[in-house]
Amino acid sequence: MSAAEIDGFADRIRKHQGGMISAWVGIPDAMLVNHLAQEAFDAVVLDMQHGMWDMPAAANAVAQVRLAGKPAIARIPVGDFASASRLLDAGASGIIAPMINSAEDARALVRTTKYPPLGERSWGPSLALNHTGLSADAYLKTANELTVAIAMIETRAALDAIDGILGVVGIDGIFIGPSDLSIALSNGDQVAPNAAEIDSAMKHAVSCCRAHGKFACAFAGDGERAGELLKFGFDFVIAGAETAQLRSGARRAINAARRVASGN
Ligand code: 3PY
Ligand code: MG
């Protein structure tokens, strides 16, 4: 994919062009990202909230994803809006911000991810200019459109405020965190990301997004669940974290070797 096609990601997701499936990587290694990005994922998310990425490693990983012709998206740590603009400066195509619980939180995300007049993102996208091939002027004029700001909905407060969050100009879409949402809705009783109550909340979130003309993303623990979420109408889903994919791939290989060796 050319730089223009990679940067067309924001337009494609805003127009709901096909359910997208993304990789999700928390192990802070750009070479691991290089391998995963060769698979038929539509994007790669770098998880800086629960993954162990620091900024230089994340910037290198963004470059590896783009080298593979894909858009890179970064999930920042809670409230770390300063990192959001640095990751966009490094060439990320989008920012996922966890625990956005109010329209005010959503406005804080927009402030650092969008240039005026939408926000007050500070200037300094040297790597993004290299990656996109745009002049400074062209980047300034298009960056708000070429990148997406995504608010995570994963608490009771966020569900209650979802219309207000979606109504903030500059918020392009939402991302449901089903594990935290299940903990919140059960008052700390369980982590049950696939529970029926979460399904209802997710379907409700998709319909709110449609009403606001915005897109909906969500985390799924594996491919089967990701398929279900696409059927709910999500525009962009995760099909499991790389750690789970790595371990299940290893388990499958070991089991196959044992099965063949034992003649079963
Ligand atoms: C959640 O399920 O809470 C997430 O943040 C997805 O990783
Ligand atoms: Mg979460």
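First listed ligand is number 1; within each ligand, the first listed atom is number 1.
Within ligand 1, counting atoms from 1 as listed, the ones closer than 4.0 Å to a heavy atom of Pro178 are 1 (C), 2 (O). Close contacts of ligand 1 with Glu154, meaning ligand atoms under 4.0 Å from a residue heavy atom, involve 1 (C), 3 (O), 4 (C), 5 (O). Here is the list of ligand 1 atoms found below 4.0 Å of a heavy atom in Met152: 4 (C), 5 (O).
Salt-bridge formation is detected for the pair Lys141/Asp137: a Lys NZ or Arg NE/NH1/NH2 atom is positioned less than 4.0 Å from an Asp or Glu carboxylate oxygen. No salt bridge links Asp80 with Arg86; every basic N to acidic carboxylate O contact stays at or beyond 4.0 Å. Here Glu228 pairs with Arg225 in a salt bridge; the nearest charged N to carboxylate O distance falls below 4.0 Å.
Regarding atom 5 (O) of ligand 1, its nearest protein heavy-atom neighbour is Arg75 NH1, 2.7 Å. In terms of protein heavy-atom proximity, atom 2 (O) of ligand 1 is nearest to Ser179 N, 2.7 Å.
Heavy-atom separations between Pro193 and ligand 1 are all 4.0 Å or longer.
With hydrogens and angles left out, the side-chain atoms of Asn101 and Thr155 include a donor and acceptor closer than 3.5 Å.
Residue-level check: among N/O/S atoms of Asp180, OD2 sits closest to the Mg ion (ligand 2). Closest N/O/S atom of Glu154 to the Mg ion (ligand 2): OE1.
Using modelled atom types, no side-chain atom of Glu154 and backbone atom of Pro178 make a donor-acceptor pair closer than 3.5 Å. Formation of a donor-acceptor pair under 3.5 Å by the Asp235 side chain with backbone atoms of Ala216 is found in this model. Lys70 contributes a side-chain N or O that, together with a main-chain N or O of Ala37, makes up a donor-acceptor pair within less than 3.5 Å.
Polar contact with ligand 1: absent for Trp24 (N/O pair, distance under 3.5 Å). For ligand 1, the polar-atom distance check against Gln49 finds no nitrogen or oxygen pair separated by under 3.5 Å. For ligand 1, none of its N or O atoms has an N or O atom of Phe219 under 3.5 Å away.
Ranked by closest heavy atom to atom 3 (O) of ligand 1, the top entry among Asp180, Ile153, Ile238 is Asp180.
Tested against Thr142 for a side chain to side chain contact (heavy atoms under 4.5 Å, CB included), the candidates Thr147, Thr132, Leu134 yield a single pass: Leu134.
At a heavy-atom distance under 4.0 Å, no atom of His50 approaches ligand 1.
A 4.5 Å side-chain heavy-atom check between Leu159 and Leu185 finds at least one atom pair inside the cut-off.
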